[in-house]
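Right, one structure below, let's go through it.
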Amino acid sequence: MSSLSLSERTPFHPVFQPDGDSMFEPKWFVAGFAVCAVALIANYDIRFGIAASALLLVVGAIYLWISVWLASDPDAPKAERETMSKRFSRFARNRRQAQVKELSAQDGSNAG
C-alpha cells in the first residue's frame, strides 16, 4: 500500500498553457478588469468614462507596440522554450521517481 497523497500521485496539469493559446493568461484578466473599470467609471460620469477610455486605449496601443516590437520572428524555431519545457518535465519526473523510491524505502524499513 503506497502512502502517497493524491497530489503526489497525480501529475501537475496547469490551467495556463505555455504555448500562449489560453484564455486563462493573466493579460486577459487584466484587460477584462480594465474594461469593467472603464464601464463603471462611465456609468458614474460620462466625461470620466471618456477620459478613462482614452487612457485605456493609449495603454493598449503602447502594449501592442511593445509586444510587436519584442515579438520573435515567426519563422524562428521555439527551441529555447521547448528546451526549458523538456528540462522542467524531466526534473519533475525525476523528482516524482525520487519521492516514490524514498517512500518505498521508508515503507520497507518500517515493515522490517
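Following chains of ILVMFWY side-chain contacts shorter than 4.5 Å, one cannot reach Val30 starting from Ile66, and the two form parts of different hydrophobic clusters. In the hydrophobic clustering of this structure, Ile62 does not group with Leu55; members are Ile, Leu, Val, Met, Phe, Trp, Tyr whose side-chain heavy atoms approach within less than 4.5 Å, directly or through other members.
Take Arg90 and apply the side chain to side chain contact (heavy atoms under 4.5 Å, CB included) test, not counting sequence neighbours, and it matches Arg87, Arg93, Asn94.
Inter-residue side-chain proximity for Ser53 and Leu56 is flagged as unmet; no heavy-atom pair is nearer than 4.5 Å.
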Side-chain donor-acceptor distances from residues 34-52 under 3.5 Å, at least two apart:
unit_1: Asp45; atom_1: OD1; unit_2: Arg47; atom_2: N; d: 3.4

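Here the NZ-CD distance, from Lys101 to Gln99, works out to 12.5 Å after rounding to the nearest 0.5 Å.
Ring geometry, Trp69 versus Trp65: the interplanar angle falls under 30°, so the pair is classed parallel (tilted spans 30 to 60°).
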